[in-house]
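One structure is given here, and the rest of the page talks about it.
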Amino acid sequence: MWRDALLMAGKDLRIEFRSKVTLNQILPFAFVTLIVFAFALDTSPGTLQKVAPGLFWLAVLFSSIFSVDRAVAIETNDNAGDGLAVYGVDSGGIFLGKVTSVFVQLFLLEAVLLVGVVILYGPAIDGWPLVLLSAFFATVGISAAGVMYSQLASGSRAKQTLLPLLLIPVTSPVLLAATKSWQDAFSSTASLGDPWLRLLIVFSVVYLALGAVFYGSILEA
Amino acid sequence: MWRDALLMAGKDLRIEFRSKVTLNQILPFAFVTLIVFAFALDTSPGTLQKVAPGLFWLAVLFSSIFSVDRAVAIETNDNAGDGLAVYGVDSGGIFLGKVTSVFVQLFLLEAVLLVGVVILYGPAIDGWPLVLLSAFFATVGISAAGVMYSQLASGSRAKQTLLPLLLIPVTSPVLLAATKSWQDAFSSTASLGDPWLRLLIVFSVVYLALGAVFYGSILEA
Amino acid sequence: MQSLVSFKKVIVVSGNFPILTGLDFETGPGEVVLVKGRNGAGKTSFLRAVAGLLRITKGSALVLGVDLISNPADARHRVGLLGHETFLYEDLTAKENVTFVLKATRSNISKVDAALSAVGLTGRLSDLRVSSMSAGQRKKVALAALLAREPELWLLDEPHAALDSWTREVLDTAINSSVANGATVLLVSHEPLHGSLMPTRVVELAGGKVITDTRDIKPVVAEKVPL
Amino acid sequence: MQSLVSFKKVIVVSGNFPILTGLDFETGPGEVVLVKGRNGAGKTSFLRAVAGLLRITKGSALVLGVDLISNPADARHRVGLLGHETFLYEDLTAKENVTFVLKATRSNISKVDAALSAVGLTGRLSDLRVSSMSAGQRKKVALAALLAREPELWLLDEPHAALDSWTREVLDTAINSSVANGATVLLVSHEPLHGSLMPTRVVELAGGKVITDTRDIKPVVAEKVPL
Amino acid sequence: MESKRYKWTRRAIGIVSLLLVAATVIFGLWITPPDVVQGQLVRLIYVHPPVAWVAYLAYGITSIASTLYLWKRTRNMKWDLLAASSAEVGVIFTALTLVTGSIWGRPAWGVWWTWDARLTTTALLFVLYLGYLALRRVPATSHQRAVRSAIAGLIAFVDVPIVHQSVVWWRTLHQGATVLNPSLSPKIHGEMAMTLLLGFISFTFVYAWMLMHRYQIAGFEQKILDIELDQILEERLHEPGMESMQVELSPDVEQIDRHSKV
Ligand code: HEM
Ligand SMILES: Nc1ncnc2c1ncn2[C@@H]1O[C@H](COP(=O)(O)OP(=O)(O)OP(=O)(O)O)[C@@H](O)[C@H]1O
Ligand SMILES: Nc1ncnc2c1ncn2[C@@H]1O[C@H](COP(=O)(O)OP(=O)(O)OP(=O)(O)O)[C@@H](O)[C@H]1O
Ligand SMILES: [Mg+2]
Ligand SMILES: [Mg+2]
């Protein structure tokens with residue numbers, strides 16, 4: 001399983017490196033999202049600063065849709081997924097590999113996006129360790145849930161529209177918890193014992209476990 | 001050209017009627033978007049009501065991405081677009097047909113979504129004529145720009161991610177103007193002479209004209 | 001002889017690759033030209049260029065009297081292309097697809113049923129969505145649309161692939177009868193031809209150009225393996 | 001004789017359509033079975049069922065000693081499938097694709113270059129992304145991966161389609177030599193076979209079941225049309 | 001493209017821009033006085049508006065070149081390369097506008113960023129042209145890429161007048177039109193106006209120098225592609241299967257005329 005996970009992650013990252021989709025397209029898209037949010041919500045000046053964490057995670061969530069969509073599309077093009085089945089690649093390995101590749105891309109994206117948020121919305125950040133840890137686990141959770149649901153939604157020819165419908169509700173707890181925990185981190189109440197961080201850890205572990213267990217059955221069905 | 005436009009619109013709407021993508025997937029997606037916005041922004045209770053028009057149009061804009069993406073994907077699957085070229089279908093007709101089909105779907109979506117917004121966020125609506133006219137022209141603008149940019153972005157295997165990057169900035173004026181004009185309509189200052197409505201009309205006419213002129217060259221290139 | 005397709009030193013460069021490298025080819029009406037060549041020789045690209053779907057970088061190209069350099073789109077609707085791709089809409093049924101093609105080409109839509117039953121798509125199959133069809137059935141739908149359209153120039157890119165022997169016969173007969181009515185056929189095939197379809201001329205491509213052009217073909221009918 | 005594939009009254013229903021309708025089939029090692037039948041007879045579905053990619057609704061199915069009903073996944077990696085789809089990654093090159101397949105099947109990756117040059121993908125072509133390849137070149141990449149893997153059971157769904165005659169010979173020779181080494185081949189083809197590849201048995205499908213099964217085939221080598 | 005004259009012009013422009021920028025720095029930092037209201041901060045005015053204007057200029061050139069490509073009679077790959085080069089430099093200058101504006105905004109307004117109309121439209125301008133550059137990276141034939149990006153570039157340019165007029169159309173925090181106002185009478189005077197003018201000229205030279213560099217690199221890239229094309233052509237004309245060739249290859253026929261290659 002671990003071998004297969006490495007093989008898959010390596011392949012997916014290589015394809016991303018070739019096509020540079022995350023860098024050239026998803027990242028600018030995330031920025032555009034930040035800007036249009038500000039457009040649509042420009043009420044009182046303080047508002048944006050207050051909701052900055054929420055908008056950040058919304059932008060990440062929307063970007064993640066495209067990211068996982070692509071991760072799964074790689075296998076549905078020319079039915080490569082059937083190929084993997086015939087080659088006997090372990091389904092847990094496929095899942096972990098894809099999650100790793102998506103995680104790496106999203107985490108880098110978040111790093112750049114955070115700089116943007118700080119400049120654009122100007123929140124003050126206090127608790128860096130909390131910010132980083134929350135981001136880490138939130139991203140694991142989003143990637144794991146994303147890859148799993150994207151696979152669920154594949155098969156349907158109208159996948160691009162089905163995926164967000166499935167994915168957004170199940171990741172909204174992650175969105176909420178990450179937002180809350182960043183709000184704590186941005187205020188002076190930051191501490192690593194933050195209950196929202198604990199929730200994020202639970203979520204990421206649960207989705208990883210769910211994926212490792214059920215991904216095989218989703219592929220087989 | 002008009003004959004071809006009718007033929008294309010009929011075919012696309014029939015395909016939509018068969019696959020029910022807008023009904024079963026894009027519409028729920030729009031609702032989910034409304035709900036997560038509420039999630040991410042749950043600050044003071046009054047805020048949501050105030051930003052309701054902005055959130056509505058954000059949800060429409062994100063939904064429109066999926067809608068136009070699908071409208072163009074219909075022709076790129078199995079290279080049906082090459083087929084149209086060989087059959088000698090007029091490119092202006094293809095453009096107008098696709099815009100019509102996307103318009104019909106989005107407009108119906110908006111009608112349902114508006115009910116949702118009223119129920120969820122509870123704004124009071126005064127100027128119905130302004131609401132309807134703004135929605136009409138905003139939707140024409142979004143559909144026309146969307147179909148054109150979706151065609152521009154096609155060909156790239158990573159089209160799903162490039163499209164929002166291109167489309168959101170060019171439609172953000174529509175987003176802004178529609179939001180403002182609805183804000184006016186929701187307050188008691190509603191009048192059909194609203195400057196934002198005029199902006200929307202200009203935008204929709206400009207994008208329709210641009211599309212009719214350039215769509216052919218994009219297809220031919 | 002009036003020239004239907006006339007390619008002179010046609011060069012097509014796409015993505016910095018010379019797909020066609022100075023191709024010369026000429027044909028008049030009523031010919032059945034078999035286009036041969038190794039994989040990657042440029043056969044598909046040649047047909048697509050004739051259909052006006054591939055931009056010609058240099059050279060002169062006339063198809064059905066239309067200059068492809070200045071008006072790449074003007075000859076297209078008189079050309080019928082059946083290729084690796086079938087140009088079908090997955091969510092529409094066989095009948096709807098054929099009807100759409102006929103409407104788009106402003107042809108007479110009364111021929112739909114006849115064309116579908118000519119290729120054996122009757123009953124359940126004519127109202128089955130293309131997405132649930134087998135490889136050969138899809139090809140038949142595309143073939144039915146082509147038969148109903150009756151184009152002047154047929155561009156067939158490995159048309160026999162995926163078709164069963166019964167449908168192959170149908171295709172060959174249709175080609176023969178349209179040629180008898182003055183149509184011209186460019187046919188790409190890797191299979192040793194046999195049966196009723198005999199080309200009047202064989203053109204071989206390699207490296208993006210015509211390397212051999214044989215006109216006198218002995219009408220040797222191949223013996224079928226009795227399987 | 002040990003049985004490699006054993007299908008008994010296999011029924012496959014998909015989307016409320018009975019694709020296989022009680023198919024009986026049995027084969028042992030070293031056979032080359034030609035699977036014939038009209039378009040839509042269920043040939044592709046049969047091969048996919050053998051590969052464990054299609055869920056069997058009813059009946060009993062054993063492949064390489066594995067029961068497909070209880071463990072559909074366990075025989076797959078010993079099976080090689082070459083079908084209408086090639087299972088390739090468009091953004092990777094020919095070499096990268098084959099290497100990936102070999103790593104995924106835990107085979108020896110030293111055979112990559114040999115396999116690629118066996119099908120004629122050398123030089124520029126071995127480092128070309130699959131997305132810029134012609135139909136036949138893609139098929140060759142898939143074929144190279146199959147050759148390098150040396151599976152025990154070959155499932156070939158119209159493998160000759162899109163291949164030029166030179167590559168057809170390569171494929172036929174490869175099949176013959178692997179059969180000599182004990183592999184078994186199920187081959188779907190609409191083309192009259194000719195040349196070096198001769199099936200030991202011909203099975204005909206219709207309506208989702210086997211209707212004829214012929215074992216004694218006269219080794220008549222077809223005469224090629226001299227084109 | 002790499003003629004001697006081109007090279008020397010480029011170098012001369014490079015040297016002039018260096019001198020001009022040095023002069024702007026000297027004037028901006030030492031000769032001009034601090035402002036009554038803004039103090040030393042006002043010195044950013046010699047950088048910030050000029051880089052913004054140069055970004056407009058760059059996008060203007062992109063639009064003109066795009067139009068020239070789209071118009072069949074002037075169609076030439078060179079226009080596409082020029083449009084792309086200018087857009088790239090324009091994106092850099094837009095980024096500089098955003099950065100210098102932010103640096104200025106921090107002490108002047110107390111925030112790095114605010115959702116003021118000018119700032120927002122400038123940010124949009126930035127992403128519009130990022131989108132343009134992303135579109136250029138989509139795999140396509142050179143003609144396809146040229147047509148598609150020319151259309152996108154022309155539409156994106158619509159934002160430039162909007163950015164400029166934003167301070168008029170919306171009530172904003174950002175400075176109104178001080179220099180380029182409708183009556184064309186600058187509201188600043190003397191040494192400051194001179195230095196601002198100097199800043200504008202020097203950044204225009206910097207732009208010209210960068211553009212020439214970028215355009216030349218684009219030319220080199222094209223040349224490399226052409227050399228590759230020659231090699232591939234050579235290979236293609238000796239592909240297996242060529243043995244049965246009936247006529248000899250005449251080499252002169254096989255030369256593809258690059259400059260008509262669109
Ligand atoms: C990130 C923040 C900022 C952005 C994106 C920005 C953008 C721009 C742009 C695009 C222009 C050119 C306008 C035109 O003439 O068409 C401009 C000009 C100018 N900006 Fe800013 N700016 C920013 C912050 C500031 C700040 C903080 C100040 C000073 C308090 C300032 C002062 C000026 C002045 C004086 C001009 C020249 C206006 C004229 O004469 O027309 N800007 N800025
Ligand atoms: N969802 C469905 N609804 C109706 N019919 C279906 C569905 N799915 C598959 N079929 C039918 O199943 C049959 C078997 O298809 P299969 O691809 O196995 O045929 P095949 O023998 O490989 O044909 P070909 O020679 O054309 O490749 C076809 O007749 C097809 O129409
Ligand atoms: N962007 C590209 N870069 C490199 N090579 C390319 C590119 N696009 C096409 N080619 C090459 O162009 C050649 C012509 O392809 P074409 O599809 O016309 O061949 P074909 O004769 O139809 O082959 P087949 O028999 O396999 O269908 C192929 O060798 C292919 O590799
Ligand atoms: Mg081909
Ligand atoms: Mg089949």
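Here is how names work: the chains are called A, B, and so on, in the same order as the sequence lines, proteins then strands, and each is numbered from 1.
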> Which answer fits Leu53(D), side chain, backbone, both or neither, if we ask what part of it has an atom under 4.5 Å from a heavy atom of chain A?
Replying inline: side chain
> So which of Gly93(A), Ala85(A), Gly88(A), Gly10(A) has the largest heavy-atom pair count under 4.5 angstrom toward chain D?
Replying inline: Ala85(A)
>> Is Arg106(D) close to chain A through its backbone or its side chain, or both, or neither, when contacts mean heavy atoms under 4.5 Å?
In response: both
> Looking at Arg78(D), Arg48(D), His84(D), which one has more heavy-atom pairs under 4.5 Å with chain A than the rest?
Replying inline: Arg48(D)
>> The test is side chain to side chain donor-acceptor pair (under 3.5 Å); show your working for Asp164(D) and Thr167(D) and say whether it passes.
In response: CA-CA 5 Å; Asp164(D) 57 26; Thr167(D) 319; 2.5 Å; yes
> If you look only at pairs with a residue in residues 88-109 of chain A, which of them pass as a ring pair (Phe, Tyr, Trp, His ring centres under 6.0 Å), with sequence neighbours excluded?
Replying inline: Phe95(A)-Tyr215(A), Phe103(A)-Phe107(A), Phe103(A)-Phe136(A)
>> Could you tell me if Glu16(A) and Ser101(A) have a donor-acceptor pair between their side chains, going purely by distance under 3.5 Å?
In response: no
>> To check you understand the geometry: which heavy-atom pair defines the closest contact between Val179(D) and Gly30(D), and what is its length?
In response: CG1-O, 3.5 Å
